[in-house]
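To keep things clear, I will list the structure first and then write my remarks on it.
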Amino acid sequence: MKPYSKYLEDSFFIDWIYKPTHESDVFWETYILNNPQEQQVISDLKEVLLAIKTNDLNLTEAEKKEMLGKILDKMMSSKKTSTEFNLFKKYFKYAAMLLVLLGVGLFLKNMFSQQNPTLVKNLDMMSLDSLTHTQLVFKSGEPLLINKKESEIKYTSSGKVVVNANDTITSVTEEKEKETYNKLLVPYGQRSKITLSDGSVVHLNAGTKFIFPEKFLLRERTVVLSGEAFFEVKPNKERPFIVKTMEENFSVEVLGTKFNVSAYPADGCIFTALTEGKVNVVEKGFFNNKKTVLKPGQLATWSKKNGNVEVKNVDTDNYTLWTSGLLYFESESVINIIRKIERFYNIDIVLDEKLDIYKIKISGKLDLNDKIEKTLQNLMFITKFKIELIDDKYIIK
């Protein structure tokens, strides 16, 4: 199943098969055009998935996976010769019919949500590099520039948007059945706080992109995060709150709680720290989802490389101090601390090639409310490094 696995684990691909849209059609048509060697694999896989689509769910996940595996293995072995492939086509026709009669069902139901997967793709294409101000982007695509290092935005239940407690905008659409989405882009060196229409509060750290509905109309309250945010979710047992990330196989599910998610694309892991309530850290699988339950005072580290979740007890307050402009670290890699400083101050820090900094771990606290010179001076004191400013870049030696 190796040639097919990368597509089977891609919910955007699966959604395109079963719920095609103009956006997804354009994306995958362009992808095939640029990757012609993948065209046959995609075509075969599409045929299999459409053939076993039904609404019944009688077989176990293990049985469904075994059947699909046999079909795909047969597909691979049958392509050795054109004659064998034609025989396979005949075999596949009856195998697909058998699967339907057995009630295989839409085994990918857990990969579908009421949200459009293009949200994640769209967020991925948006860059923060050229931004100098926080931007609130409405459905129309029109951005509202917020000229303040620390901004505050509030969406009211009456359909108004209040910015920095001064400017009030009527921008919420009149859609009653379909959710419309806004984006909040927080460049490096700035932070923002937003109150969503359900009363949930989200603190966004520097270098963060965030997509959210103007009004929550669906059963699940779903948002998309790229960067870091501290969530204070308004309780609602009937409508769980879902935080999706740029890693489509990872999300966080809650009902009402306080937690921090650090999901920067450049980092090798996604960190979820729970301060209050209960959350499920969800790893999306092909046939089912693996959920890890967190209790207050626990940190879940999800590795992007191997998909493993590691849970440990920590002082979670240390993972939310950034909302007050403080950076706490305990036995943490120096390179991670440097990345956080770069994001917060919007600066470039260059490492001396002779310095083996990746293995060094330190503990301490930095007050990011200080000017950059003071912060770097404190960093030098902790690490014993030398830092010089050369051509607008800070060099660590």
Side-chain angles (χ1 to χ4, degrees), residues 10-21 23-24 53-57 61 105-123 139 154-159 161 171-184 194-202 210-226 229 231-259 261 263 272 274 276-294:
D10 187 343
S11 60
F12 184 57
F13 175 82
I14 301 300
D15 234 27
W16 171 57
I17 299 297
Y18 291 119
K19 298 180 182 179
T21 64
E23 291 176 311
S24 60
K53 177 181 178 181
T54 177
N55 294 321
D56 196 8
L57 290 170
E61 296 292 329
L106 187 56
F107 55 83
L108 296 168
K109 66 171 184 174
N110 288 329
M111 302 189 76
F112 294 135
S113 71
Q114 295 165 304
Q115 305 299 320
N116 191 334
T118 56
L119 289 177
V120 176
K121 298 290 183 180
N122 290 340
L123 197 64
K139 178 190 175 184
K154 183 175 182 179
Y155 278 68
T156 69
S157 58
S158 61
V161 181
S171 79
V172 178
T173 63
E174 297 300 323
E175 293 276 4
K176 295 183 179 180
E177 296 181 358
K178 182 179 179 181
E179 285 189 342
T180 57
Y181 299 90
N182 288 176
K183 306 177 186 70
L184 185 56
I194 182 170
T195 301
L196 303 177
S197 62
D198 68 336
S200 297
V201 178
V202 186
F210 187 59
I211 288 184
F212 58 95
E214 290 183 338
K215 286 185 177 181
F216 291 102
L217 301 177
L218 303 179
R219 189 186 68 82
E220 294 179 348
R221 296 174 288 167
T222 302
V223 298
V224 184
L225 172 72
S226 173
F231 294 85
E232 300 174 84
V233 176
K234 200 76 170 179
N236 189 333
K237 293 183 179 180
E238 303 300 323
R239 306 178 74 186
F241 194 97
I242 313 295
V243 181
K244 291 189 175 183
T245 68
M246 302 309 296
E247 297 294 324
E248 295 185 5
N249 290 336
F250 180 89
S251 62
V252 180
E253 296 180 356
V254 302
L255 295 176
T257 185
K258 296 181 181 180
F259 60 100
V261 178
T272 305
L274 179 63
E276 182 180 308
K278 185 176 76 172
V279 304
N280 291 325
V281 173
V282 183
E283 182 183 358
K284 187 178 293 184
F286 181 53
F287 289 95
N288 54 11
N289 295 336
K290 179 182 178 182
K291 295 185 178 182
T292 302
V293 180
L294 288 189

Can you tell if the side chain of [X] reaches within under 4.5 Å of the side chain of [Y], non-hydrogen atoms only?
X	Y	answer
V223	F231	yes
S226	M246	yes
F241	V252	no
F259	V233	yes
K215	S157	no

Give, for atom [atom1] of [X] and atom [atom2] of [Y], the distance between the pair rounded to the nearest 0.5 Å.
X	Y	atom1	atom2	value
R239	T222	CZ	OG1	10.0 Å
K278	L294	NZ	CG	11.0 Å
E253	K244	CD	NZ	10.0 Å
I242	N280	CD1	CG	8.5 Å

Is the backbone of [Y] close enough, under 3.5 Å, to the side chain of [X] for a donor and an acceptor to pair up by distance?
X	Y	value
E179	L218	yes
S200	K234	yes
R221	D198	no

Worksheet item: With under 30° as parallel and over 60° as perpendicular, where do the rings of F212 and Y155 fit, or are they tilted in between?
Response: perpendicular
Worksheet entry | N249 and E247: CA distance, side-chain angles, deciding distance, side chain to side chain contact (heavy atoms under 4.5 Å, CB included) verdict | CA-CA 5 Å; N249 290 336; E247 297 294 324; 5.8 Å; no
